[in-house]
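Structure first, commentary second.
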2 protein chains.
Amino acid sequence: MKRTPAIDDLVLFVQVAQAGGLAGAARDSGISTPTLSRKMQTLEQDLGRHLFLRGPRGYGLTAEGRALLADLADLIPLKTRLSQLLQQDQTPEVRITAGSWTAAFLARRIPVRDTWAPAFVEATARLDIARRGADIGIRNQRPDQPWLAARRTRQISYRLYARSYDVEGYVALSRDAAQPPSARWLRDHHGDDIRATAGSVRLLADLALAGAGRVVLPCFAAADLPDLHPVSDPITDLGHEEWLVSHHEARHDPPVRAALDQIATILTKTGT
Amino acid sequence: MKRTPAIDDLVLFVQVAQAGGLAGAARDSGISTPTLSRKMQTLEQDLGRHLFLRGPRGYGLTAEGRALLADLADLIPLKTRLSQLLQQDQTPEVRITAGSWTAAFLARRIPVRDTWAPAFVEATARLDIARRGADIGIRNQRPDQPWLAARRTRQISYRLYARSYDVEGYVALSRDAAQPPSARWLRDHHGDDIRATAGSVRLLADLALAGAGRVVLPCFAAADLPDLHPVSDPITDLGHEEWLVSHHEARHDPPVRAALDQIATILTKTGT
DNA sequence: GGAGTGCGTTTCATTTATGAAAGCCAGCTT
DNA sequence: AAGCTGGCTTTCATAAATGAAACGCACTCC
C-alpha cells in the first residue's frame, strides 16, 4: 500500500492543513468530510508519515506535516491558475503552409476571426502535413498520399511584370536559393539578361518595383502590386493547378474546417 | 457534465499528447488504455473542446489541443518534482520556545539527530503552544490549561555572579525591555547601584564578564560561563520550578515525543 | 451538571472507476 | 487478396470511491 499519491490528493492535504480541519476543507473543496478523512488516512499510509494530530478542535499538523506543507503550499496557486486557464478558451492556431506569394495573398484576405488564428509556418519540407507539422497546405498538384484530403481551388498562371513597358532585362532568384519552376524557366529563357538577383521572391518584387527589371509573378500576386504591369502573355509552361490540402482527420477539427472553408472561399472567388 | 477536471487527468492529457497515443501513454503512466480512452473523452466533454484527432495511427492533437498542451506541458516536470519531493523525507522541525538562558542551555546540549531538528522560536506570547505556534515550551510553573501536557523537570535557583569577588555594583536589563522576575528583584534590591544596562540577558552576561558589575543568573546558565563566579547564596525570592510543556496531542507525534524525551533527559540529569 | 455544539469517524447503500478480454478498424505484409 | 499488426473502443464483471445518516467524543454554555 505504498502508491504515489495523486496530485489532487496533495492539494486536498494542503487545504485540510490550511483550513485546520476537515470541516473547513470540505467547504473549500466541495468534498465531503468522510471522503476527506479517508483520503488523509491513506495519504499518511502511502507516505509512511504521520501528518496530522487529530484532536477535538480539528486537525493540527505534526512536525512532518508542517515540513510537507511548506513544500506543497504552492499547489494552491497552481490550482487556481489552472482553473482560470481552463475557463478562458484562447483562440486556437491553425497552421498553414504555403508558398510565399500564396501566403501573402491569404494573409491580406483572411478575415480576423476569434474562432481560430492563422499561423503561417515555413514550408520547409513537403512532409509537413503528413508529419502533423501543419494543418493546412497549399500545393501546386494533387497530393498522392491517400491520407491527405485535397480540393482543387484555382488555376495559377504566370506572366512577366515590370514597373513600366520600357523596362529592360530581368530580375531572378539567387542561385543559392531554392529554385521554383518559375525561377528555372526564367534562367532557361532569359538567363543571359539578368540585371539583379535576390534571395526571396518578395525582394524580387521590390527590385521590379524599383525598375530593376522584369519579374515572373503569379498573376494573383500581381493583384496586390498595382505598380507592376503585365508585360507578357501568360507563360504557358508555368501554369499549374492549385490544391488545398489537409490531413484527412483534421477535417473533423472545427477550427481547421473553418479555416479550410474560408481559405477555399478566398482561393476560388478570386479568379485566375 | 461540466466539472473542473482533476489535475491528474490534465497530466494524463499531456502524457497522451506527448506520447502521440494511448498505448504509449499507458506505458508511461501505468494506466490501462481503456481508462485513458474514457478519461480523454470526459476531459473533452468537460472542457467542451475537441482536443484530439483519433486516427488509426494514434491520437493527434487538434488546434485547441495544441493550445492546451502548450499551457499544460510544465505539469510533467512538476509531477516528477513532486514524486522526488515525496521520496526524500526531510527531517521535520520541532519548534521549541524557551527563555533565553534555557534555550542557550538546551542548544549546547541537544545532540544532533536526523529524526528531528530543533527550531527555537521566540517566546512572544504565552499562547504559543495553545495556538500551535510551537510544539514544546519550557515554563516556570505548571500550566493551568487542561489541554497542555506538562512534566516537572528541575528546580531553578538564581545567584549573583561576577567576574571576580571584588567587582562592585550591578548590571541590569534596560527598563524598556521585558522585565522578568530576576530583573524586578534586582531593581527592587539594588536599583540604586546599577552600573550598566543592556537589552538582553546574553548581553548582560557579556557585561558581567567584562567586569562591569554583578549579574543575576540562573545557576544552570552560569555553568556555561566558567569565568563568572557566584558571589552570593541562592536568592530565595527567585527560585521556581521548571516545567516541560507540550500540546497534549503533540505527544503522539514521534518527532515531538523524541524531542520531549531528550529535552527532559537534559533538564533532569543536570541538577539545580 | 445536563443539554447543546462542533468535529471527525463508521456504517452502508449507491455510484463510479477500472482493466482483462473481446471486438473493430485501417494499414501493411506476404 | 488473405492474414497480420498495432491501436483504440466496447463489454462486462469487479473493485474502489463517495456521501447521507448515524455515531462518538470532547468541549461549552446555561
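Residue numbering restarts at 1 for every chain, and letters A, B, ... go by the order of the sequence lines. The structure presented is a predicted model; accordingly, all values stated were derived computationally and were not measured.
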Among [options], which nucleotide sits nearest the side chain of [X]?
X       : options              : answer
A:Ala23 : D:dC8, C:dG8, D:dG19 : C:dG8
B:Arg38 : D:dC12, C:dT9, C:dC7 : D:dC12
A:Pro34 : C:dT10, D:dT9, C:dC7 : C:dT10

Looking at B:Ala25, is its backbone amide N or carbonyl O close enough to the side chain of B:Ser29 to form a donor-acceptor pair, meaning the two atoms are under 3.5 Å apart? yes
Donor-acceptor under 3.5 Å (A:Gln262 side chain, A:Ile110 main chain): no
Figure out the [atom1]/[atom2] separation between [X] and [N], and round it to whole Å.
X       : N      : atom1 : atom2 : result
A:Arg27 : C:dG6  : CZ    : P     : 10 Å
A:Asp8  : D:dA17 : CG    : C1'   : 14 Å
A:Lys39 : C:dG8  : NZ    : C1'   : 17 Å
A:Ile31 : D:dA20 : CD1   : C1'   : 15 Å
B:Gln45 : C:dT16 : CD    : C1'   : 15 Å
A:Asp46 : D:dA16 : CG    : P     : 13 Å
B:Asp9  : D:dA17 : CG    : P     : 14 Å
A:Met40 : D:dA17 : CE    : P     : 13 Å

Does [N] have OP1 or OP2 sitting under 4.0 Å from an N or O in the side chain of [X]?
X       : N      : answer
A:Thr33 : C:dG8  : no
A:Tyr59 : C:dG6  : no
A:Thr35 : D:dG19 : yes

Validate the cation-pi geometry between B:Arg109 and B:Phe220: distance from NZ or CZ to the six-membered ring centre under 6.0 Å, angle to the ring axis within 45°. no
Listed pairs, N/O of protein and of nucleotides 26-30 of chain D, under 3.5 Å:
unit_1	atom_1	unit_2	atom_2	d
D:dC27	O3'	A:Arg57	NH2	3.0
D:dT28	OP1	A:Arg57	NH2	3.0

Starting from the C-alpha separation in whole Å, work towards a yes-or-no answer on side chain to side chain contact (heavy atoms under 4.5 Å, CB included) for B:Phe13 and B:Leu68. CA-CA 9 Å; B:Phe13 161 75; B:Leu68 186 63; 3.7 Å; yes
Euclidean distance, B:Trp116 CH2 relative to B:Arg257 CZ, rounded to 0.5 Å: 14.0 Å
Between B:Ser83 and B:Thr80: side-chain donor-acceptor atoms closer than 3.5 Å: no
Can you confirm whether B:Leu43 sits close enough to B:Leu12 that some side-chain heavy atom of one is under 4.5 Å from a side-chain heavy atom of the other? no
